Each structure stands twice: as structure tokens, then as C-alpha cells.
Amino acid sequence: MAEQKDSAKLFSLCAFTFVQSRDLSEGLIAELSQSILKYGGQVINAKRNGSLELSEVSHVIANTIDFPQYTEATALMVPVVKSKWISASLAKGRQAQIRPYTPDPRMIFSDVVLSCADIPPSDADAIVGATMAMGGMEATSVTKATTHICALSTAHPQCQVALSKSLKCKIVLPHWFDDCFKLGKRIDEGPYLLPDPEYLRANPEDAVKVPSSQHLEGATSARPDYLPNPSGDIVGERPTLTVFDGKKIMLSADLSIRDRLREIILGLISRGGGEVTDHVEHCDWFVCQYRDGPQYKRASQTGKTVGNLSWLYHLITHNEWTSPLRRLLHYPVPRDGIPGFKGKRISVSNYGGEARVYLENLIVASGATYTKTMKCDNTELITARGNSEKYEAARDWRIDIVNHLWIEESYAKCALQSATEDKYRTFPARTNLGEVIGQTPFDQNMLQLLYYPGEPVIDSPSSKRKRKMIEMADENSVSAGPAEGVTIGRQAHKEFDVMMDTDAEYAQSTTDVFGVPAPPKRRATTTTLATPARSRYVRTGKENETPSTLSSSRSAKDKALNRLSVLAPDIALYEKEKKRGLKDSHGLWGGKRAADQIDRENLNRCSVSSPSAAAEEKEPKAEKRPAKRARPTLPGVDKRVVLTGFQRWVNDKHREDADRKKLRDLGIAVVPDGQPCDYLVAPHLVRTVKFLRNLSKGATVVSSSWIEECLDTKQVVPPEDYILKDKENEKKFGIKLETSVSRARANNGKLLWGTPIYCTASIKNGPAGYQAIAEANGAIFMLYGARSGSTIKPTNPEEDEGGPDPVYLLSNTSPEEKKLWKKFEDMASKGHMEPRIVAADWLLDVVMSQKVAFDKKYLVTNFFN
């Protein structure tokens with residue numbers, strides 16, 4: 001009786017609203033609503049205009065994230081879950097986890113309940129951990145809820161149980177998970193299905209069927225030639241459209257459509273309850289062709305929905321709202337293409353139908369030239385498989401070979417991506433990648449940074465709220481890892497509050513709700529969701545319970561651990577809400593919002609030293625930034641700088657963001673370490689990783705006072721007047737900086753070209769920094785440990801024309817590392833090489849002077865004595 005009473009209150013704390021779509025019909029919504037009401041929940045219907053009462057609900061039930069208020073829901077941390085979440089909660093008798101039921105397509109395994117069979121434990125842990133990080137769940141045993149069994153054969157008992165009971169789960173090779181992880185997309189399991197997987201049986205040269213491109217419907221061109229017929233319409237007039245009801249739409253003059261077609265579009269909008277306006281301030285949707293012009297910027301900055309003609313046609317055809325940021329060719333195109341694509345000649349292979357048309361148009365929109373046939377002057381080949389005549393020719397001509405994800409992500413991020421990244425060079429043997437084309441959405445942060453930076457001069461409360469929601473949604477999203485950009489809502493538990501309760505109250509409240517107290521230390525340390533580390537993964541417990549009504553006979557300890565694992569995501573998300581802040585040191589932190597806040601905070605201090613600032617503040621807001629309104633875009637980057645040891649920004653993130661913005665307005669870009677730079681900025685000579693890596697590139701080394709002078713005077717002063725001079729440290733390190741820079745430019749990053757440098761794992765400060773420095777100078781860097789095999793080919797002295805080449809081992813004098821010395825010397829001797837076991841200072845001094853030299857004082861036996 002008690003259990004029945006508890007189950008009747010399953011949704012007692014919850015208020016739901018539904019988003020109707022093709023996959024969530026009105027009939028299904030009615031059926032689910034009855035279940036919610038039966039178990040104590042509340043259903044809040046949408047308003048007459050279709051908008052949702054997000055402030056009143058605890059859950060949004062939607063099978064897609066493609067609805068207008070999704071960004072607002074993520075900003076408010078309201079969970080958006082699939083309709084399956086309700087069924088799973090009813091089956092469990094408690095509310096299911098949110099993460100596995102998110103409709104976000106970036107969580108590619110959100111419908112996967114995985115059980116591993118005859119897989120090595122380390123591989124199984126890696127597969128399970130990555131699957132859970134991308135929305136999946138683990139089942140320690142095979143049940144009706146299990147969707148996938150990862151196995152090498154069907155002989156394992158778990159596979160036999162699934163086959164004997166005719167369970168609807170797929171037995172797949174681990175290669176399927178590996179290929180999905182590499183691509184970041186979920187491909188079809190068909191070629192990987194046991195007992196007779198095509199992946200192992202077929203020849204690589206065998207043909208693969210070209211799949212249909214379901215994600216490209218109505219999105220193959222940014223400039224459609226005609227208005228398509230409505231979906232499902234055969235004869236007769238077009239049905240009345242409801243998608244425009246209550247919306248004000250502005251058609252830009254750059255659309256260049258004929259008067260007759262414009263009249264048809266205006267008629268469809270007005271008959272559907274919409275209104276056409278000529279004022280960008282009054283519109284809800286702004287339709288244009290290019291990402292430029294004052295109207296585009298005004299509409300974007302004030303939070304209007306901005307799309308192109310192809311997007312408008314899609315709305316008319318399907319009578320259903322979709323975000324123009326979801327499909328790449330539904331958004332206005334850059335007039336001059338994407339930086340880095342001009343001059344590229346790109347050909348396409350193994351894509352067919354709409355996918356080929358889509359790629360042709362995407363290549364042109366990026367600013368490159370599409371070539372139907374491929375010649376030796378082509379720069380890239382985009383192919384869906386690693387097998388074709390063009391593919392073989394590209395290999396012979398050393399043309400970069402990539403899949404469609406390369407150009408999609410370059411276009412979505414508004415920047416040329418490296419063609420050498422693994423995900424762009426992955427071609428599963430029996431898969432045509434056309435099946436996952438068109439699934440890449442825009443990076444809205446990059447669009448704002450490049451095409452409509454800053455805030456509007458005259459702002460309305462509604463546009464302020466929209467921008468605030470976008471910023472909050474971005475802050476709530478996962479900042480790194482396989483689920484980057486995904487936002488998982490916060491589960492509602494009104495019995496406790498991590499921000500208000502004391503540790504004792506919080507422990508008691510969570511015990512009442514979950515049956516186990518939340519450990520206080522997790523409240524202080526948990527900030528983001530992450531894949532469980534292998535060392536902590538518990539294979540014997542039920543780490544992530546599958547949706548099942550079966551009871552468990554495990555011990556009380558196992559049950560407590562299970563309940564705690566259910567609690568962990570909620571704690572993590574509450575802590576993320578509590579500690580919301582910057583994602584990384586290079587984040588936008590709200591664009592101009594950061595600069596404005598710093599200006600306000602420093603107003604009193606600046607009023608004495610800079611009277612002009614106070615005068616500007618007294619002017620009307622509409623006249624505050626006239627120069628920014630007139631400027632069509634950010635100035636070009638004239639100088640790229642890397643900063644190291646810069647004290648002005650220490651412990652002041654807000655000031656750093658504001659200063660970065662001011663420098664960018666002057667044409668100075670502060671770039672991350674590892675990217676090409678013109679100037680290396682430092683207060684004095686230092687042996688940091690940043691300094692040595694960028695010195696190796698031949699960057700001009702200037703004093704930090706140059707950057708400070710540019711910020712203080714608000715103009716670019718000549719960097720040649722601020723060349724770094726540090727006689728004291730030059731004497732200390734035994735170098736002359738001017739000579740080192742000159743040598744670095746002559747060396748061109750090849751100071752240690754081909755020189756093998758090994759490093760022990762336990763070296764002071766860790767091997768990562770030394771690896772970055774060595775590889776920046778062309779060295780071959782490898783870790784060396786007790787289990788390291790021989791990586792030097794054994795060679796007889798007579799086989800070498802010259803004398804033995806040196807090979808270096810960076811080491812300390814700890815007892816553990818001393819045990820490695822003899823083994824390293826034997827390996828080097830067998831390869832006819834001279835072993836040199838040295839302190840890490842040898843590498844630092846060589847790179848600082850940009851001259852290869854060796855002195856026995858660097859040998860560990862001498863250096864540490």
C-alpha cells in the first residue's frame with residue numbers, strides 16, 4: 001500500500017508542458033497528459049500564440065530541440081526531455097534521469113541502453129564511459145530495456161539470452177562505437193551487426209548504397225529558384241498557414257526576388273495571420289540574403305530570428321517552425337565567404353542526390369571554387385568513403401582528403417578548420433557518410449563575434465531579455481568534452497536547496513528524497529558532468545540503472561551506491577547553476593556586456609585620471625557609440641600577439657575580457673598559445689612554455705608595457721619602440737635575445753629537427769610542457785617508462801655512414817628514474833646512438849639560445865651534484 005501511495009505522487013512536484021511535433025502528436029500528448037495527472041503531476045497548456053509558460057513548468061516534453069523557446073528553456077535550466085522519459089519514470093516507479101532522455105541531437109547515444117559481453121575490461125570501461133557521456137545508459141545484465149550488446153561474437157551468454165528470448169536489442173561490434181566516437185555522429189549499426197557483420201565480411205572495394213539525405217529537406221541551397229509545393233499537397237490551393245500567426249516579418253531588399261513572387265509570399269503571410277513590416281525594430285523575423293548591412297546587424301543584436309529565403313520557403317512548405325541556425329543554408333551567407341577558403345578548389349566524391357547539391361552550394365557559399373572533375377591543382381577532396389577513383393587520385397597527388405564534416409564545421413564555426421583532424425579523416429569501411437550529412441548547426445557565439453559584435457545603441461526590454469537568455473543558455477551548457485554545447489536541465493526537488501541549506505540540512509533532505517545523504521565535499525568540488533574515470537568505475541554495482549520494474553536483491557550498500565549515482569547529475573547541475581561563470585579564459589562573457597560592466601565599475605576611478613570618460617558618460621545613450629554604428633565590421637587583424645607573464649590581468653577576469661575587446665577594436669588579436677603570432681609580449685625574459693614555443697617561431701619579443709600603452713592611449717603605438725631589453729636575465733641565461741630571435745627565424749622551427757628526445761613521466765613539472773617546447777622545434781618527443789619497449793631500431797655500426805647520433809632522455813635523480821637509465825643506455829647502444837641522460841634545463845637553454853649545443857654539465861650525474 002505504501003508503495004502504491006508513493007507511486008501516486010510520482011509527479012507531485014512536477015508541472016509539464018508539451019511541444020507538439022511530427023514525432024509527438026496531439027493524440028500522444030493527450031495520452032501522456034492523463035498519465036501525468038493520474039500520478040499527481042500538472043499539465044500546463046501552451047498559450048494561444050503557441051508560446052510556453054516556462055516560468056511555471058518543471059519539465060518540457062519535446063522530441064526535438066527545434067522549437068522557438070528552447071534557448072530560453074536551457075537558460076532557465078528547465079529540463080527538456082523526450083516523451084519516453086515519462087514511460088521510463090512510470091516503469092521505474094521514480095523519476096528517471098534527465099541526461100539519457102534529452103532530445104539534443106549532439107547526445108548521439110541518448111536512446112542507447114548498453115551491455116558489454118566478451119569485451120576486454122579496459123575497452124568495456126572506455127566504451128561504457130563514452131556512451132554515458134553522450135547520453136547513453138549501461139545495463140549490467142540483459143533486459144527488455146537493453147537496446148545494444150557490444151560483443152565480438154554471439155557465443156557469450158548475454159548474447160545467447162538475447163537471441164533465445166528474441167529481445168529487440170542489437171548485437172554490435174565495438175568498432176561501431178569507435179567509429180561513432182571518432183565522427184561525433186551516430187551512424188547506422190547495420191554493417192556492424194553480429195552474427196555475420198558486413199564490416200568484417202565485405203571487401204573495402206565493394207559498393208555501398210548511397211543513403212537518402214533526410215536532414216537536407218528544403219535546405220540544399222541558400223538561394224532557391226522557386227517556391228516549392230506544400231508538404232503533402234497534391235492539387236488545389238495551398239492550405240492556410242499557421243506558422244506565421246501573430247508574427248511580424250520583414251523581407252530585406254537584398255533578396256532580389258521578382259515582384260510577382262514577393263506578392264505571393266506576402267499573401268501567404270497575411271492569410272496565415274502574419275504581418276509584413278518595413279521596420280526592423282518592429283519585426284519578429286528578418287529575412288535577408290547576406291550577413292551584412294545595418295538592418296542585419298540591428299536584427300541580430302536585438303535578438304530577432306534571422307533567416308534567408310530558403311528558410312522562409314521551408315516554413316511555408318512544412319507549416320512548422322524551425323530554427324534557421326539548425327541548417328547551414330537556412331541562414332544568410334557571408335558575402336565574401338569564410339576566411340581561408342578563397343582560392344581553394346574543392347571536388348566531391350561518393351555523395352549523391354541532394355547531398356551532392358548541398359555540398360556544391362556549401363562550397364560556393366564558403367568562398368571556394370567547386371570543381372566537378374578533379375585535377376592536380378585541386379586543394380581538397382570531400383568524400384563519403386575511402387574508396388573511389390577520385391580518392392586514389394587525390395592520394396597520388398597529395399591532395400587533402402576529408403569528409404563533409406570538415407566543410408560543415410568550418411562554415412558553422414565561421415573559420416577554416418584543420419584538414420588533419422581525425423574526425424575529418426575518418427571513413428568507416430562499410431558506411432557512406434551521406435547518412436549523417438546536414439546535422440551540423442551553427443556556432444551562434446562565432447556568428448555574433450564576427451558579424452554582429454556589441455550591443456545595439458537603442459535597446460528595448462524584450463531584446464535585452466533575449467540576449468540575456470542566449471548568454472545564460474551558453475553559460476549553462478557543457479563547455480568541453482564529447483557533449484560540448486549541450487545543456488541538461490535541472491531536476492526539480494523542492495525538499496532541498498543546495499544554495500540555502502546547511503550541510504546538515506542538505507544531508508538530511510537528500511536522505512529523505514534519495515535514501516542516501518549527499519556527501520558535503522561533492523557540493524564544493526562538483527562543477528560539471530564528466531565521463532567517469534576508469535579508476536572509479538564500479539563494474540560490480542549498478543552504476544546506471546536500466547529502466548526495469550524488476551526488483552534487486554543486492555546488499556544495502558549497493559542500493560545506496562545506486563541511489564547516489566542517480567543523485568550525482570542533479571548535484572552537478574545545481575552546482576553549475578550556483579557557480580555559473582566564465583567557461584574559459586577566452587570566452588566572450590556576453591560580448592559588450594563584459595566591457596560595459598568594467599566601464600561602470602571603474603567609472604569613479606577613471607573620472608580623476610580620464611575626465612573625458614566622465615564626459616562621455618553624461619551624453620545620451622543614443623550618442624554614446626556613434627563610431628561603432630558606422631563601422632561595418634571589426635577592423636582587420638594587423639597584429640597577432642601571445643602574452644606571457646602579463647600581470648595586468650591576474651585575478652581579474654572581467655578586466656581581461658574588456659581589455660581583449662579593446663585590443664581587438666584596435667586591430668590587435670590576443671591569440672591562444674600554439675597559433676601563429678607576430679609578437680611575443682613578456683615583462684622580461686622567462687623560460688615559460690609560451691615564451692619558448694613562440695620564440696621558436698621567430699616572433700618579435702616586445703615588452704608588456706607596449707600592450708599597456710596601447711590600452712591606456714586607445715591607439716596602436718609602434719611596437720618597435722618597445723623591443724624587450726633585459727640585460728640582467730640575458731646574462732643569467734647566457735644569451736643575447738636579439739641573436740636568439742634572428743636564429744629562430746633562420747631555423748624556421750627546425751632547430752631540433754628529427755632529434756629524438758625521451759622524457760620520464762615523473763619529471764618535475766610534468767612532461768607536457770617539455771613536449772610542447774621540443775615539438776615546436778621539430779624534435780621527436782616520446783615518454784619513457786619501465787614498460788616502454790624498444791623504439792630505436794637496432795643497427796650495426798657498419799650500417800651507419802657517419803658516427804652515432806645523440807639521443808636524449810630528460811630525467812631527474814629520483815630512485816625510480818635511476819632504474820630506467822641502464823635500460824635506456826642499452827636501447828640506444830643497440831641502435832648505434834649515443835645516449836645522453838640530461839636535466840630538462842638542457843632543452844630549455846638550447847631553445848632559449850636557438851643553438852644546438854651540449855655540455856657535460858647537463859648530464860644528470862653532474863647537474864644535480
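Note that the structure is a prediction, hence the values are computed from the model and not measured. Excluded from the calculations below are hydrogen atoms, water molecules and symmetry mates; all remaining heavy atoms, backbone and side chain alike, are included.
Two residues are said to be in side-chain contact when any heavy atoms from C-beta on lie closer than 4.5 Å; Ile149 and Val172 fail this criterion. Using a 4.5 Å cut-off on side-chain heavy atoms (C-beta onward), Phe824 and Val807 make contact. With a 4.5 Å cut-off on side-chain heavy atoms, Tyr808 and Leu843 do not count as touching. Contact of the Leu416 side chain with the Trp406 side chain is registered, since non-hydrogen atoms from C-beta on lie closer than 4.5 Å. Taking the side chain as every heavy atom from C-beta outward, Trp821 and Ser811 approach each other to under 4.5 Å. Side-chain contact between Leu751 and Ser696 is absent, with no heavy-atom pair separated by less than 4.5 Å. For the pair Arg186/Val112, a side-chain contact is recorded, criterion being any heavy-atom separation below 4.5 Å from C-beta on. Using a 4.5 Å heavy-atom threshold, the side chains of Leu405 and Lys185 count as touching.
Between the CG atom in Leu809 and the CD atom in Glu825 there is a gap of 9.5 Å [rounded to 0.5 Å]. Between the CG atom of Leu173 and the OH atom of Tyr192 there is a distance of 9.0 Å, given to the nearest 0.5 Å. Interatomic distance, Asn403 CG to Leu433 CG, rounded to the nearest 0.5 Å: 5.5 Å.
Nearest heavy atoms, Tyr784 versus Lys823: OH-CG, 3.1 Å. Nearest heavy atom pair, residue Ile119 against residue Cys150, reads CG1-O, 3.4 Å. Of all heavy-atom pairs spanning Thr131 and Ile127, the tightest one is OG1-O, 2.7 Å. Annotation for Asp179 and Pro428: closest pair OD2-CB, 3.7 Å, computed over non-hydrogen atoms. Across every non-hydrogen atom of Cys677 and Val671, the tightest pair is CB-CG2, 4.2 Å. Here the shortest heavy-atom pairing between Leu724 and Leu737 reads O-CD2, 3.8 Å.
Checked for salt-bridge contact, Lys736 and Glu730 miss the test: no charged N lies under 4.0 Å from a carboxylate O. At a threshold of 4.0 Å, the pair Glu817-Lys819 does not count as salt-bridged, since none of the basic side-chain nitrogens sits closer than that to a carboxylate oxygen. No salt bridge links Lys830 with Asp826; every basic N to acidic carboxylate O contact stays at or beyond 4.0 Å. Contact check on Glu656 versus Arg660 returns a salt bridge, with a Lys/Arg side-chain nitrogen under 4.0 Å from an Asp/Glu carboxylate oxygen. One finds no salt bridge joining Asp422 and Lys182 here, because no Lys/Arg side-chain nitrogen approaches an Asp/Glu carboxylate oxygen to under 4.0 Å.
The aromatic rings of Phe863 and Tyr858 lie parallel to each other, with less than 30° between the two planes, well short of the 60° mark. Between Phe177 and His148, the two ring planes are perpendicular [angle over 60°; tilted spans 30° to 60°].
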Stepwise, does the salt bridge (charged side-chain N to carboxylate O under 4.0 Å, His left out) test hold for Asp196 with Arg201? CA-CA 7 Å; Asp196 186 25; Arg201 168 174 42 85; 3.1 Å; yes
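For Phe646 and Trp649, the gap between ring centers is short of 6.0 Å. The aromatic ring centres of Trp842 and Tyr770 sit 6.0 Å or more apart.
Counting only N and O atoms by type, the side chains of Arg745 and Thr700 include a donor and acceptor under 3.5 Å apart. A donor-acceptor contact closer than 3.5 angstrom is absent between the side chains of Asn747 and Asn777. Side chains of Ser762 and Thr760: a donor-acceptor N/O pair is absent below 3.5 angstrom, by distance only. Inspection of the Gln771 and Glu775 side chains reveals an N or O donor paired with an N or O acceptor under 3.5 Å. Between Glu392 and Asn387, the side chains place no donor N or O within less than 3.5 Å of an acceptor N or O (distance only, hydrogens not considered).
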